[in-house]
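Report on the following structure.
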Amino acid sequence: MVVKVYGTVRSACVQRVLACLLEKGVDFDVVHVDLDAGEQKRPEFLVRQPFGQVPAIEDGYLKLYESRAIIRYYAAKYADHGPNLLGSSLEERAVVDQWLEVEAHNFNELIYTLVLQLVILPRMGEPGDLALAHTCEQKLEKVLDVYEQRCQRAAILPERLSPWLISAIFRALDIL
Amino acid sequence: MATPVKVYGPPLSTAVSRVLACLLEKDVNFQLISVNMSKGEHKAPDFLKIQPFGQVPAFQDEEISLFESRAICRYICDKHADKGNRGLYGTNPLVKASIDQWLEAEGQNFNPPSSVLVFQLAFAPRMKIKQDPAVIKQNEEKLGKVLDVYEKRLGESRFLAGDEFSLADLSHLPNTHYLVSVTDRGELFTSRKNVGRWWGEISGRDSWKKVVEMQNQGS
């Protein structure tokens, strides 16, 4: 059965899910949701994701939303397929989860604000708030200093891309 | 008896109280170690070794040192699956997925506006920091929209992830407690019938009452 991913490939949150499914070799179809037309706020979509956000998935009877919940589910379900994204022990899983939470709460908001102010708003013909972008940049530098320390201490092997790193990479790529 | 786990941080911190509620639900013995944030202890080099972002809580047991309250809660539930409230993080992958979905909804949709309101309305006055009415209004509106979604959900389901109290509901206790008990914005919750019912149930749990006791005893 093919997993249906509702959203657009432009969305970082959708990409987070796609990256995980690709890592795990899980077949999927992207069912396009037209964000520019506000499709995600229409009643038919709100039944699927009541906050009006993407992605949402449908996998047989399972319907799920929130990208980080989706990747946790598939990384656990297919633990034996492809690279080990979650770690091999309770303690390793906890450390992965810890950095996934760091991405969600310390990294994501800053990067999202930078992308919104520097890329998305200008593309829509609106001025970005450069002062806000600068503040976010300064805060992000401090977060990345911690990442720098962490990456020096923990050798990250290519075949062990954990969900937090996937999240961080795709969030960063969204800026480019 | 196992060595008590260590939780670093003040019980008044919303993130610390999230972990304490989970430990109490799971009947896991803990030692609460004070971190004096008004003296900047959370930014001291020794503390940064266990929480490099200089935030609370930090957590240690025999095997591991961890931070991020929701990661700590998941670890406690996985390690002590058979202790205390066994269903707190689900007993099968599908239930766990639903709990994770609502835990993420809490973290991504509920937490940002409610945290801003908790800071502006509960902490800023105590810290003699000027409140920002525009920020308060903006976040009240955001939180209101989130609670409209919760109102619908809680009309269909007793708790957020299903018919049993879970980590997803627990994660909402700290911020909601401040808004309902300490600020005058409690009606955001109590004016919504299903949300009000849900709040009454989850805040009435022994584990949360004990956390509130700890908060009232000392900061």
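Proteins come first, then strands; the chains are lettered A, B, ... in the order of their sequence lines, and each starts at number 1. Values reported hereafter were calculated over all heavy atoms of this structure, with side chains retained and with hydrogens, waters and symmetry mates removed. This is a predicted model, so every value here is computed, not measured.
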Is Tyr150(B) in contact with chain A via its backbone, its side chain, both, or neither, using a 4.5 Å heavy-atom distance? side chain
Which portion of Val146(A) sits near chain B, non-hydrogen atoms under 4.5 angstrom: side chain
Checking Val7(B), Leu24(B), Val5(B) against Val19(B) for side chain to side chain contact (heavy atoms under 4.5 Å, CB included), the one that qualifies is Val7(B)
State whether Arg158(B) and Asp169(B) are salt-bridged, where the test is any N-O pair (Lys NZ or Arg NE/NH1/NH2 against Asp/Glu carboxylate O) under 4.0 Å. no
Glu106(B) with Arg68(A): basic N within carboxylate O range, under 4.0 Å: no
So which part of Ile64(B) gets closer than 4.5 Å to some heavy atom of chain A, the side chain, the backbone, both or neither? side chain
May I ask you to name which of Lys145(B), Lys79(B), Gln108(B) has the most heavy-atom pairs under 4.5 Å with chain A? Gln108(B)
Between Leu90(A) and chain B, which part of the residue has a heavy atom less than 4.5 Å away: side chain, backbone, both or neither? both
Heavy-atom pairs under 4.5 Å with chain A: which of Lys96(B), Glu63(B), Lys152(B) has the most? Glu63(B)
Which atoms of Ser69(B) approach chain A - backbone, side chain, both or neither, heavy atom under 4.5 Å: neither
Side chain, backbone, both or neither: which part of Tyr65(A) has a heavy atom under 4.5 Å from chain B? both
Is any NZ, NE, NH1 or NH2 atom of the basic residue among Asp148(B) and Arg192(B) found under 4.0 Å from an Asp or Glu carboxylate oxygen of the other? yes
For Asp78(B), is it the side chain, the backbone, both or neither that has a heavy atom under 4.5 Å from a heavy atom of chain A? both
Distance in Å, Gln149(A) CD paired with Gln152(A) CD, rounded so as to fall on 0.5 Å steps: 7.5 Å
Contacting moiety of Ala104(A), where chain B heavy atoms sit under 4.5 Å: both
Using non-hydrogen atoms only, which part of Lys63(A) is less than 4.5 Å away from chain B: side chain, backbone, both, or neither? backbone
Going by atom types alone, do Asn109(B) and Gln53(A) pair a side-chain donor with an acceptor below 3.5 Å? yes
Can you tell which of Trp199(B), Trp198(B), Phe189(B) makes a side chain to side chain contact (heavy atoms under 4.5 Å, CB included) with His172(B)? Trp198(B)
From the list Ala76(A), Ser67(A), Ala69(A), Gly52(A), the residue making the most non-hydrogen contacts under 4.5 Å with chain B is Ala69(A)
Which atoms of Glu109(A) come close to chain B, meaning under 4.5 Å heavy atom to heavy atom: side chain ones, backbone ones, both, or neither? neither
Going by heavy atoms in the side chains, are Pro50(A) and Arg153(B) under 4.5 Å from each other? no
Relative to Tyr6(A), does Arg48(A) satisfy both conditions: NZ or CZ under 6.0 angstrom from the six-membered ring centre, and within 45 degrees of the ring's axis? yes
